[in-house]
Number of protein chains: 2
Amino acid sequence: MKEDAGKSKKGLNVENMKLRDIESDYVLEEQIGYVLRIASQKHASIFQKHSIDGLTPTQFSALMRIAEIGECSQNRLGRLTSMDVATIKGVVDRLKKKGLLGLESDPNDKRRTIIKLTEASKNMIKNLHEAGRRISEETLEPLSPAEQATLLGLLKKIS
Amino acid sequence: MKEDAGKSKKGLNVENMKLRDIESDYVLEEQIGYVLRIASQKHASIFQKHSIDGLTPTQFSALMRIAEIGECSQNRLGRLTSMDVATIKGVVDRLKKKGLLGLESDPNDKRRTIIKLTEASKNMIKNLHEAGRRISEETLEPLSPAEQATLLGLLKKIS
DNA sequence: ATTTTGTTATTAGTATACTAACATAATGCA
DNA sequence: TGCATTATGTTAGTATACTAATAACAAAAT
């Protein structure tokens, strides 16, 4: 980034400001939503740099979850990865197209589609775990181990 | 959310796990990318609940920045709000359509479009600042003031 | 047993967010 | 001056991420 959006108002001289200015002072960089977006962008760029098989972070999450629980319906997978029904559909469709998810209809419930890993994706899981760990590590690299734990804890607290 | 994706592996009995299981242990909930996504979703839902004139968080950021700096080119606004050229174009187009941004071409540089607030958006800024503050407050409500500052600081550090 | 309620999945529409390619205009330097 | 580089803005394509509407089916309630 050439022109850093992270400019600060640290040096602002409150004494010399008119009351109206002080009242309307609002620093974008200090708002949690803005900061969350920037941090997410940074993580996404690190993730993309590692580029595991062209997977996106959400596709990665879906695969990890299925690997963890074995198999489940599409909507349930969405809930377990915090994606709504429309989002998880797209994610599952693309993963199926890549041959990383197998779909079959549930004989016990005609509404449901059972989703499971394929042989191809089963063989990838270990590598994906390692890649995932490296990505998290690189994202959190500016922080001490204690700070990393603090950050995760605080983010969970506001979720 | 009914089936909370935030289930923990805290109670996992390491003693009883086979070595292979331990090696491949990877907890999605502990990965910074996943946690960032969930936190961003929570913030987005709080933002949307406050619903200031149908503005989205990104549109809001763009307006705040223009209000702060007066006027600038489209690409520069993108850089100052951390949006790439394609994203800022869409955001500016929609804000213009809503009558919240005025566009005129720069006489000194025929490539540039000068972007500024309209009378309508100038009159909204104060309300937007207040709404923004309430949204940040509600998002960070689970945290103490010290924790809020810590969270912002750590997020900036990894950005 | 029928109705109501809830669940699953699909579809259409909108809004970020990115890449890549392109045209145009401005700037730097040889 | 002239050419290469850089900057600005547009467009096309893909991938989340949401709302809202719909259809099919299952489970619960009366």
Side-chain angles (χ1 to χ4, degrees), chain A residues 1-3 33-34 36-49 51 53-62 72-98 103-115, chain B residues 1-3 33-34 36-49 51 53-62 72-98 103-115:
Chain A
M1 228 178 272
K2 181 154 311 144
E3 182 161 15
Y34 187 83
L36 275 173
R37 185 166 64 86
I38 311 303
S40 299
Q41 283 177 354
K42 180 64 184 287
H43 170 265
S45 101
I46 290 171
F47 189 102
Q48 196 254 346
K49 205 182 60 189
S51 169
D53 221 59
L55 288 175
T56 64
T58 25
Q59 291 171 8
F60 184 89
S61 292
C72 70
S73 75
Q74 179 177 290
N75 277 13
R76 185 165 141 77
L77 180 58
R79 285 193 298 275
L80 292 173
T81 49
S82 204
M83 303 176 206
D84 67 86
V85 293
T87 302
I88 192 63
K89 188 200 184 327
V91 172
V92 164
D93 283 354
R94 287 181 283 270
L95 285 173
K96 181 193 153 75
K97 207 163 139 193
K98 289 184 183 181
L103 308 181
E104 46 190 77
S105 58
D106 188 336
N108 299 117
D109 187 335
K110 289 175 193 168
R111 297 167 304 176
R112 282 202 175 97
T113 307
I114 299 176
I115 293 168
Chain B
M1 232 177 267
K2 181 151 312 139
E3 181 162 15
Y34 187 84
L36 275 173
R37 185 166 63 87
I38 310 302
S40 299
Q41 283 177 354
K42 180 64 184 289
H43 171 265
S45 102
I46 290 171
F47 189 104
Q48 195 254 346
K49 205 181 64 189
S51 170
D53 220 60
L55 289 175
T56 64
T58 25
Q59 290 170 9
F60 183 89
S61 292
C72 70
S73 74
Q74 180 178 290
N75 278 11
R76 186 166 142 78
L77 180 56
R79 285 192 297 274
L80 292 174
T81 49
S82 205
M83 303 177 206
D84 66 86
V85 292
T87 301
I88 192 64
K89 188 197 184 330
V91 173
V92 164
D93 283 354
R94 286 180 284 271
L95 284 173
K96 182 194 152 77
K97 207 164 139 192
K98 289 183 182 182
L103 279 65
E104 47 190 77
S105 57
D106 188 335
N108 299 118
D109 187 337
K110 290 175 193 166
R111 297 169 304 175
R112 283 203 175 98
T113 309
I114 298 176
I115 293 169

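All heavy atoms count here, side chains included; hydrogens, waters and symmetry mates do not. Protein chains get the first letters and strands the later ones, always in sequence-line order, with residue 1 at the start of each. This one's a predicted model, so the numbers in the text were calculated from it and none came from an experiment.
- Contact annotation for A:Asn75: base contact, defined as any heavy-atom pair under 4.0 Å involving a base atom.
- Between A:Asp106 atom CG and D:dC25 atom P the separation is 13 Å, expressed in whole Å.
- When the side-chain hydrogen bond (donor to acceptor under 3.5 Å, both in side chains) test is applied to A:Asp53, no partner is found at least two apart in sequence or on another chain.
- Rounded to whole angstrom, the span from the CG atom of B:Asp109 across to the C1' atom of C:dT27 amounts to 10 Å.
- Remark: A:Lys89 in residues 88-97 of chain A come within less than 4.0 Å of DNA chain C through at least one heavy atom.
- Note: CG (B:Leu55) to C1' (C:dA15) measures 13 Å, nearest angstrom.
- What separates CD1 of B:Ile115 from C1' of D:dT10 is a distance of 14 Å, to the nearest Å.
- Partners of B:Thr87 according to the side-chain hydrogen bond (donor to acceptor under 3.5 Å, both in side chains) rule, which considers only residues two or more places apart in sequence or in another chain, are B:Asp84.
- When the side-chain nitrogen and oxygen atoms of A:Ser73 are compared with OP1 and OP2 of C:dT7, none of them lie within a distance under 4.0 Å.
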Table of protein N/O atoms under 3.5 Å from nucleotides 18-23 of chain D N/O atoms:
from   : atom 1 : to      : atom 2 : distance (Å)
D:dC18 : OP2    : A:Asp84 : OD2    : 3.0

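- Following rounding to the nearest Å, A:His43 (NE2) and C:dA17 (P) show an atom-to-atom distance of 16 Å.
- The side chain to side chain contact (heavy atoms under 4.5 Å, CB included) search around B:Lys98 returns B:Leu55, B:Gln59, B:Leu100, not counting sequence neighbours.
- Across all strands, A:Thr113 comes closer than 4.0 Å only to sugar-phosphate atoms, never to a base (heavy-atom distances).
- For C:dA15, neither phosphate oxygen OP1 nor OP2 lies less than 4.0 angstrom from any side-chain nitrogen or oxygen of B:Thr56.
- For B:Arg111 and C:dA26, a side-chain-to-base donor-acceptor distance below 3.5 Å is absent, hydrogens and geometry of angles not being considered.
- Annotation: side chain to side chain contact (heavy atoms under 4.5 Å, CB included) contacts of A:Glu104 (sequence neighbours excluded): A:Ile114, A:Lys116.
- Between atom CZ of residue A:Arg111 and atom CG of residue A:Asn75 there is a gap of 9.5 Å, rounded to the nearest 0.5 Å.
- Nearest-nucleotide positions on DNA chain D place A:Lys98 closer to the 5' end than the other of A:Lys98 and A:Pro107.
- Between the CG atom in B:Leu77 and the CG atom in B:Leu95 there is a gap of 9.0 Å [rounded to 0.5 Å].
- A search for salt bridge (Lys or Arg N to Asp or Glu O under 4.0 Å) contacts involving B:Lys49 returns B:Glu138, not counting sequence neighbours.
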Nucleotide N/O of nucleotides 3-5 of chain D paired with protein N/O under 3.5 Å:
none

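- The distance from the SG atom of A:Cys72 to the CG atom of A:Leu80 is 6.0 Å, given to the nearest 0.5 Å.
- Applying the salt bridge (Lys or Arg N to Asp or Glu O under 4.0 Å) rule to B:Arg112 yields the partners B:Asp109; only residues at least two apart in sequence or on another chain are considered.
- For B:Glu104 and D:dT8, the CD to C1' distance is 17 Å, given to the nearest whole Å.
- For the pair A:Tyr34 OH and C:dA17 C1', the computed distance is 15 Å after rounding to whole Å.
- Remark: A:Asp93 pairs with A:Lys89 by the salt bridge (Lys or Arg N to Asp or Glu O under 4.0 Å) rule, at least two apart or across chains.
- A:Thr113 pairs by the side chain to side chain contact (heavy atoms under 4.5 Å, CB included) definition with A:Leu103, not counting sequence neighbours.
- With B:Ser82 as reference, A:Gln41 is the one residue of A:Lys42, A:Gln41, A:Arg37 to meet the side-chain hydrogen bond (donor to acceptor under 3.5 Å, both in side chains) rule.
- Scanning for side-chain hydrogen bond (donor to acceptor under 3.5 Å, both in side chains) contacts around B:Ser61 gives an empty result, with sequence neighbours left out.
- In this structure, the nucleotide among C:dA9, D:dA24, C:dA17 sitting nearest to the side chain of A:Gln74 is C:dA9.
- Atoms CZ (A:Arg79) and C1' (D:dA17) sit 17 Å apart, rounded to a whole Å.
- Comparing atom distances between the A:Lys110 side chain and each of C:dA9, D:dA26, D:dA15 picks out D:dA26 as nearest.
- Here A:Arg37 reaches the OP1 or OP2 of C:dA17: one of its side-chain N or O atoms lies under 4.0 Å away.
- OP1 or OP2 of D:dT8 has at least one side-chain nitrogen or oxygen of B:Arg112 nearer than 4.0 Å.
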